[in-house]
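Take a look at the structure below.
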Number of protein chains: 2
Amino acid sequence: LTEPLTIALDAMGGDNAPRIVVKGAALARIRHPNVRFLLFGNEAKIQPLLKRKPKLKKIVSLIHTDKIVPGDMKPSLALRQGRGSSMWEAINAVRDGKAGAAVSAGNTGALMAMAKLTLGTLPGIDRPAIAAFFPTMRGESVMLDLGANVECDANNLVQFAVMGEVFARTVLGMQQPTIGLLNVGEEPVKGRDAVKTASTILRNTRLPIKFEGFVEGDDIAAGTVDVIVTDGFTGNIALKTAEGTARLLREFVRQAFKSSFVAKIGFFLAGSALRKMQVRTDPRRYNGAMFLGLNGIAVKSHGGTDAFGFANAIGVAIDLAAGGFNDRIKEEFGRLSETADDKPHAAAG
Amino acid sequence: LTEPLTIALDAMGGDNAPRIVVKGAALARIRHPNVRFLLFGNEAKIQPLLKRKPKLKKIVSLIHTDKIVPGDMKPSLALRQGRGSSMWEAINAVRDGKAGAAVSAGNTGALMAMAKLTLGTLPGIDRPAIAAFFPTMRGESVMLDLGANVECDANNLVQFAVMGEVFARTVLGMQQPTIGLLNVGEEPVKGRDAVKTASTILRNTRLPIKFEGFVEGDDIAAGTVDVIVTDGFTGNIALKTAEGTARLLREFVRQAFKSSFVAKIGFFLAGSALRKMQVRTDPRRYNGAMFLGLNGIAVKSHGGTDAFGFANAIGVAIDLAAGGFNDRIKEEFGRLSETADDKPHAAAG
């Protein structure tokens with residue numbers, strides 16, 4: 001990151017806004033010295049927070065907005081009533097070229113609806129999807145959709161597969177990422193119709209995709225494939241189930257070490273190794289879900305994250321924007337769609 | 001368990017049948033001295049295994065069956081071609097009163113289809129569901145459906161909620177179990193239509209159900225509610241995602257302790273405490289999914305489990321059969337349906 005890069009932040013989104021947004025931006029500034037921020041939100045609330053972060057204040061332009069999109073507002077209503085809100089203005093800054101990416105910890109559905117309307121979708125994409133990284137036995141995998149589309153048909157799933165494949169190749173630098181469709185069994189007869197149809201399309205496509213067929217829930221953490229494709233309902237629940245399970249296991253480890261004096265000594269000795277393990281599975285490290293398929297970069301942070309987590313979401317946005325990744329995805333997707341006789345969209349018709 | 005109880009075993013179901021079935025039965029015999037088994041399967045393959053387990057052999061009646069239901073056979077085909085198979089005969093033994101419960105590690109869909117056809121469903125239940133226990137921060141929770149119904153409407157979900165509630169009350173002895181519907185957010189506007197409609201029905205029912213509304217994926221391990229209700233597609237993926245994540249975390253702990261000499265000493269000292277933790281989260285301990293809503297007890301073991309896991313599935317069947325739990329669920333459900341003005345089934349009409 002050599003040139004200054006501007007990131008637009010929705011300062012009012014999330015459970016602890018604007019506090020963790022400002023604190024997160026301050027943390028991100030340390031990690032990425034060349035970044036600048038556009039902060040959209042309530043000036044009266046944000047100014048006192050910025051006063052405590054003088055170094056951050058120097059690289060921030062604060063733009064006052066009156067409106068906030070509530071966390072429980074329907075996306076359709078947010079589109080009508082959310083104009084001029086902190087979220088809306090952050091996305092608009094990306095569309096207008098004032099920022100390279102927008103980050104919000106607010107209402108996911110509203111953010112996606114606004115991003116879709118304002119930035120538009122890439123050619124060949126009916127619906128953008130939310131993607132994020134997972135730690136696995138083999139390293140990291142990408143999963144999408146994580147909640148943008150609670151209902152998906154076969155074409156949506158096929159488009160997610162193509163987006164995920166190009167993303168893994170161009171952003172993660174994988175040579176030939178493997179793709180799997182999340183299902184309740186590996187056998188072709190199992191699962192929902194949309195999943196089965198999508199599998200048939202992906203098996204028969206001449207697109208250069210390494211499609212491995214169906215994978216199951218335990219394949220996510222196993223790292224069986226590089227890209228896991230699913231609908232937004234299932235993906236969201238799988239993501240949160242994994243997070244909850246990781247939290248439970250970490251708690252069990254903590255309890256195990258408190259269970260006896262000898263175990264406590266063991267814990268003391270193994271402390272640094274265990275902290276590494278904790279760091280490795282810290283969900284805040286994986287905070288920052290990418291909206292794929294849009295003409296612009298928007299990153300969604302967990303609503304309940306802390307400053308450390310929000311800083312990571314900013315980091316994801318910086319990585320995507322600095323590398324020009326979205327343009328590469330766009331090019332790649334366009335090329336794939338043009339060169340293939342059987343476009344994923346048309347193949348299901 | 002004072003009176004002898006007979007359990008019917010599909011000896012040919014699962015990845016490592018009949019070996020782990022026989023070994024699992026031998027383990028279960030030690031834990032439950034008063035149990036007897038009907039073993040259905042290929043005599044030529046099972047007899048040599050039984051020879052090595054003379055104590056088990058004494059309490060086993062082996063009934064030869066020729067046919068096996070393949071793991072990838074469609075349920076509809078299994079119903080037509082599976083008559084006389086080891087799975088079919090095991091369920092038939094329950095219907096005929098020769099066994100108090102049937103256990104199989106075979107094809108889940110086929111087992112459910114056969115159990116539904118042969119045993120029938122309880123009054124008021126359109127579709128049976130698969131339920132299992134989860135370890136949580138607060139103890140244990142029950143989740144259903146875990147894979148019997150990949151598509152569920154609002155009525156199915158409401159019936160699962162009632163079954164789960166009665167199950168938690170009568171089988172687990174909970175005074176007032178709390179119920180949650182798995183969704184992608186806690187706000188009423190989020191999620192799929194079936195989930196939203198089911199929530200409205202459960203909120204407005206006069207049935208004595210403590211419905212807590214929507215819960216998310218991370219609420220499963222948190223133990224936010226005692227009973228988690230979802231469709232079989234989502235439930236199956238959540239279950240396997242949790243299992244996979246637990247496996248990943250255990251592996252990370254193992255690696256952490258191998259990372260340095262000092263950590264190894266720490267591991268040695270904390271060994272017994274950690275083993276307790278491993279035991280607590282061992283998925284084999286939670287093996288044995290219950291089919292709820294049937295006129296008879298059928299328990300499904302993981303297809304890939306080992307003898308220890310299969311013995312646990314037998315244990316679940318024994319617990320259910322010995323306590324006459326299914327009769328209590330039937331009574332309770334019948335009573336609930338009769339006394340309530342707004343039956344869950346009719347309320348959505």
Side-chain angles (χ1 to χ4, degrees), chain A residues 71-74 109 135-137 147 150-151 182-184 187-192 216-222 230 232-234 236-253 255-257 259-260 262-263 265-274 276-277 280-281, chain B residues 71-74 109 135-137 147 150-151 182-184 187-192 216-222 230 232-234 236-253 255-257 259-260 262-263 265-274 276-277 280-281:
Chain A
D72 59 354
M73 188 180 256
K74 274 193 178 181
T136 75
M137 294 272 187
V150 294
E151 305 275 4
L182 195 57
N183 199 0
V184 295
E187 302 83 4
V189 298
K190 287 201 172 171
R192 287 183 172 155
E216 300 189 57
D218 50 348
D219 289 306
I220 299 170
T230 186
F233 188 88
T234 312
N236 182 281
I237 283 168
L239 171 76
K240 289 184 178 164
T241 300
E243 286 172 359
T245 307
R247 210 172 291 138
L248 179 71
L249 268 278
R250 283 199 304 268
E251 172 62 20
F252 281 176
V253 170
Q255 287 177 13
F257 278 110
S259 64
S260 76
V262 175
I265 296 173
F267 180 67
F268 178 76
L269 292 176
S272 87
L274 277 174
K276 266 181 226 158
M277 190 278 286
R280 208 167 156 188
T281 60
Chain B
D72 60 354
M73 187 180 257
K74 276 194 177 179
T136 75
M137 293 273 187
V150 293
E151 304 275 5
L182 195 58
N183 198 1
V184 294
E187 302 84 4
V189 298
K190 288 201 171 171
R192 288 184 172 153
E216 299 189 59
D218 50 348
D219 289 307
I220 300 170
T230 187
F233 189 87
T234 311
N236 182 282
I237 283 168
L239 170 76
K240 288 183 178 165
T241 300
E243 286 172 358
T245 306
R247 210 173 290 135
L248 179 71
L249 268 280
R250 283 199 302 269
E251 173 60 20
F252 282 175
V253 171
Q255 287 177 13
F257 280 112
S259 64
S260 76
V262 175
I265 296 172
F267 181 67
F268 178 77
L269 292 176
S272 87
L274 278 174
K276 265 181 224 157
M277 190 276 287
R280 207 166 156 189
T281 60

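By convention in this document, chain letters (A, B, ...) are assigned in the order of the sequence lines, proteins followed by strands, and residues within each chain are numbered from 1. The figures here come from the full heavy-atom set of this structure, side chains too, leaving out hydrogens, waters and symmetry mates.
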Mind listing the closest non-hydrogen atom pair of Thr245(B) and Ala246(A) along with its distance?
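So the minimum-distance heavy-atom pair works out to CG2-N, 4.0 Å.
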Work out which heavy atom in Ala221(B) is nearest to a heavy atom in Gly244(A); give both atom names and the distance.
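The answer is CB-O, 3.3 Å.
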[X] versus chain A, heavy atoms under 4.5 Å apart: side chain, backbone, both or neither?
{"X": "Leu182(B)", "result": "both"}
{"X": "Asn183(B)", "result": "both"}
{"X": "Ala238(B)", "result": "both"}

Relative to chain A, which of Pro135(B), Gly147(B), Gly71(B), Gly217(B) shows the most heavy atom pairs under 4.5 Å?
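The residue among Pro135(B), Gly147(B), Gly71(B), Gly217(B) with the greatest pair count is Gly217(B).
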Using a cut-off of under 4.5 Å for heavy-atom pairs, which of Thr136(B), Leu239(B), Thr230(B) has the most such pairs with chain A?
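Most heavy-atom pairs under 4.5 Å with chain A: Thr136(B).
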When rounded to the nearest 0.5 angstrom, what distance separates OG1 in Thr234(B) from CZ in Arg192(A)?
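Here the rounded value is 5.0 Å.
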Which value, rounded to the nearest 0.5 Å, describes the distance between Phe233(A) atom CZ and Ile237(B) atom CD1?
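Phe233(A) atom CZ to Ile237(B) atom CD1 measures 11.0 Å (nearest 0.5 Å).
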Among Ile220(B), Asp218(B), Thr241(B), which residue satisfies the side-chain contact (heavy atoms from CB on, under 4.5 Å) criterion with Lys240(A)?
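When Ile220(B), Asp218(B), Thr241(B) are each tested with Lys240(A), the side-chain contact (heavy atoms from CB on, under 4.5 Å) holds only for Asp218(B).
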What residue, out of Ile265(A), Asn236(A), Asp219(A), Val253(A), has the most heavy-atom pairs lying under 4.5 Å from chain B?
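Result: the option with the highest number of such pairs is Asn236(A).
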Give the member of Glu251(A), Glu216(A), Met73(A) that has the highest number of heavy-atom pairs under 4.5 Å with chain B.
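Heavy-atom pairs under 4.5 Å are most numerous for Glu216(A).
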